Colleague: 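My questions all concern the structure below.
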Amino acid sequence: GSFQACLNTAKYKDWVDKEIGTGKSLGVTGTPGFLINGRLSTGAIPIEMITPYIEWYLNPSGQYPGAKGPGPAGNPGAGAPRPGGPQIDPNKIYDFPKDWLKKGISKGPENAPITLIEFFDYNCPFCKKGAEVVDELFAKNPGKIRIISKNFPLPMHPNAAKTAEALLCANEQGKFWEFRNLINTEFWGKFTPEDMKAIAKKLNLHETDFNSCFDGSKMKPVVDEDIKIGQGSGVSGTPGFFINGTSLVGAQPVENFQTVIDEKLAGKKA
């Protein structure tokens, strides 16, 4: 009847296309995407992460949003996103400082045709999923991908910044990827400094060297620089990815990444 007629004539196609265009212009690159009073959040976000934003807008007093005072190391408190830089532009090819990329943790050949930069918060469940996707892509495209890992701990996770520092301290002893794997498996949900030391012990890291690096906040400036450069390129949540400069936001299916990779490889061949 009339429903079928409406569907067959593509009556609302222009309407849908216009909404897609508007979403893209606001920085939406995946679904679900939410704009809460103009602030973009991507991914299937738990309700307890969204509630503080809404409560703050209903009663905008004090620290944004619904923070309970500064967390560890001066974090702005639960729920607060990183204060915004520019919005992600899905049509832009982003360029990053070469020296900053070079000192990042990486795997894969330096001259690989694909460079995938990841911005992770290691206490974020979407980054756990994102790490699995990255591992799968790395295995599926042997010799073609270089992964560069960068940090973007979110203020809503009080242990995230120290987790990032722990990984960098493990990297000093050549155990970054093993440390990351244990965070995402056996130690998932255990993010305290004591847990980080337990992982170091399990990996047989030199205890005095690890503790000296970790307790002394030696790696904090490295994490802070990652955050600053990420923000400058529109990263506001995690995980955030750049494939040869093209932005991809959120823990999307591996096929979405592979499509971008295949397009980039085809472009290089042409």
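If you're wondering where the values come from, they're calculated on a predicted model, not measured in any experiment.
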Colleague: Give the minimum heavy-atom separation between Leu137 and Leu116, together with the two atoms involved.
Modeller: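 Smallest interatomic distance, heavy atoms only, reads CD1-CD1, 4.0 Å.
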
Colleague: Kindly write out the residues that satisfy side chain to side chain contact (heavy atoms under 4.5 Å, CB included) with Lys92, not counting sequence neighbours, or none if the list is empty.
Modeller: Asp89, Tyr94

Colleague: Rounded to the nearest 0.5 Å, what separation is found between the CZ atom of Phe138 and the CD1 atom of Ile114?
Modeller: 13.0 Å

Colleague: When rounded to the nearest 0.5 angstrom, what is the spacing between CG in Leu182 and CG in Leu203?
Modeller: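 That separation rounds to 5.0 Å.
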
Colleague: Hey, could you give me each pair passing disulfide bond (SG atoms under 2.5 Å apart) that has a residue in residues 116-179? Not counting sequence neighbours.
Modeller: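 Residue pairs with at least one partner in residues 116-179: Cys169-Cys213.
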
Colleague: Looking only at heavy atoms, which two atoms of Asp195 and Phe191 are closest? And how far apart?
Modeller: OD2-N, 3.2 Å

Colleague: Find out whether Leu265 and Ile261 are in side-chain contact, i.e. whether some heavy atom of one side chain is under 4.5 Å from a heavy atom of the other.
Modeller: yes

Colleague: Heavy atoms only: give me the nearest Lys175-Leu205 pair and the separation to one decimal.
Modeller: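 Looking at all heavy atoms of both residues, the closest pair is CG-CD2, 3.4 Å.
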
Colleague: For Phe257, check ring-ring contact (aromatic ring centres under 6.0 Å, His included) against everything at least two apart and list the hits.
Modeller: Phe241

Colleague: Do you know the tightest heavy-atom contact between Cys6 and Tyr12?
Modeller: SG-CE1, 3.7 Å

Colleague: About how many Å separate CD of Glu118 and CD1 of Ile243, when rounded to the nearest 0.5 Å?
Modeller: 11.5 Å

Colleague: Between Phe210 and Phe214, what is the ring plane arrangement, given parallel below 30°, perpendicular above 60°, and tilted in between?
Modeller: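 Answer is parallel, since the angle falls under 30°.
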
Colleague: Mind checking what makes side chain to side chain contact (heavy atoms under 4.5 Å, CB included) contact with Asp226, not counting sequence neighbours?
Modeller: Trp100, Lys150, Asn151

Colleague: Going from CG on Leu101 to CD on Glu110, what distance comes out if it is rounded to the nearest 0.5 angstrom?
Modeller: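 One finds 11.0 Å between CG of Leu101 and CD of Glu110.
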
Colleague: List the residues meeting side chain to side chain donor-acceptor pair (under 3.5 Å) with Glu263, not counting sequence neighbours, and say none if there are none.
Modeller: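 With sequence neighbours excluded, Glu263 shows a side chain to side chain donor-acceptor pair (under 3.5 Å) to no residue whatsoever.
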
Colleague: State which residue, out of Asp95, Val235, Thr115, fulfils the side chain to side chain contact (heavy atoms under 4.5 Å, CB included) condition with Phe242.
Modeller: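 So, applying the side chain to side chain contact (heavy atoms under 4.5 Å, CB included) to Phe242 and each of Asp95, Val235, Thr115, only Val235 qualifies.
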
Colleague: Tyr122 and ring-ring contact (aromatic ring centres under 6.0 Å, His included): which single residue from Phe120, Phe126, Phe119 fits?
Modeller: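 With Tyr122 as partner, Phe120, Phe126, Phe119 yield a single ring-ring contact (aromatic ring centres under 6.0 Å, His included), made by Phe120.
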
Colleague: Verify whether one side chain among Asp209 and Ser212 offers a donor that lies under 3.5 Å from an acceptor in the other.
Modeller: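 Short answer, no.
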
Colleague: For Lys13, which residues count as a side chain to side chain donor-acceptor pair (under 3.5 Å) partner, sequence neighbours excluded?
Modeller: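 Scan of Lys13 (side chain to side chain donor-acceptor pair (under 3.5 Å), adjacent residues dropped) gives Asp17.
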
Colleague: State whether the number of non-hydrogen atoms from other residues, nucleotides or ligands found under 6.0 Å of Glu178 atom CD is greater than 12.
Modeller: yes

Colleague: According to salt bridge (charged side-chain N to carboxylate O under 4.0 Å, His left out), who are the partners of Lys197, at least two apart in sequence or on a separate chain?
Modeller: Asp215

Colleague: Let me confirm one number: the CD1-OG distance from Ile145 to Ser106, rounded to the nearest 0.5 Å.
Modeller: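 Ile145 atom CD1 to Ser106 atom OG measures 13.0 Å (nearest 0.5 Å).
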
Colleague: Can you name the side chain to side chain contact (heavy atoms under 4.5 Å, CB included) partners of Asn171, sequence neighbours left out?
Modeller: Ile105, Phe176

Colleague: Distance check, rounded to the nearest 0.5 Å: Arg146 atom CZ versus Asn111 atom CG?
Modeller: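 It is 9.5 Å, given to the nearest 0.5 Å.
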
Colleague: Please test Gln252 against Val133 for side-chain contact (heavy atoms from CB on, under 4.5 Å), starting from the C-alpha separation and ending with a verdict.
Modeller: CA-CA 8 Å; Gln252 298 188 34; Val133 168; over 6 Å; no

Colleague: If you look at every heavy atom in Asn123 and Ala160, which pair is closest and at what distance?
Modeller: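 Scanning both residues, the minimum pair turns out to be OD1-N, 3.0 Å.
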
Colleague: Honestly, is Lys190 close enough over Phe187, meaning NZ or CZ under 6.0 Å from the six-membered ring centre and within 45° of the axis?
Modeller: yes

Colleague: Is there a side-chain contact between Asn244 and Ile93, using heavy atoms and a 4.5 Å cut-off?
Modeller: no

Colleague: Among pairs that include at least one residue of residues 129-143, which meet side chain to side chain donor-acceptor pair (under 3.5 Å), considering only residues two or more places apart or in two chains?
Modeller: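 Non-adjacent pairs meeting side chain to side chain donor-acceptor pair (under 3.5 Å): Asn141-Gln258.
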
Colleague: List in chain and number order the residues that pass side chain to side chain contact (heavy atoms under 4.5 Å, CB included) with Glu19, two or more places apart in sequence or in another chain; answer none if no residue qualifies.
Modeller: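 So Glu19 forms a side chain to side chain contact (heavy atoms under 4.5 Å, CB included) with Trp15.
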
Colleague: Nearest heavy-atom pair of Pro221 and Ser217: which atoms, and what distance?
Modeller: CD-O, 3.8 Å

Colleague: With sequence neighbours left out, what residues match Glu225 under side chain to side chain donor-acceptor pair (under 3.5 Å)?
Modeller: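 Side chain to side chain donor-acceptor pair (under 3.5 Å) check on Glu225 returns Lys103.
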
Colleague: Got a sec, which residues hit side chain to side chain donor-acceptor pair (under 3.5 Å) with Lys202, two or more places apart in sequence or on another chain?
Modeller: Glu186

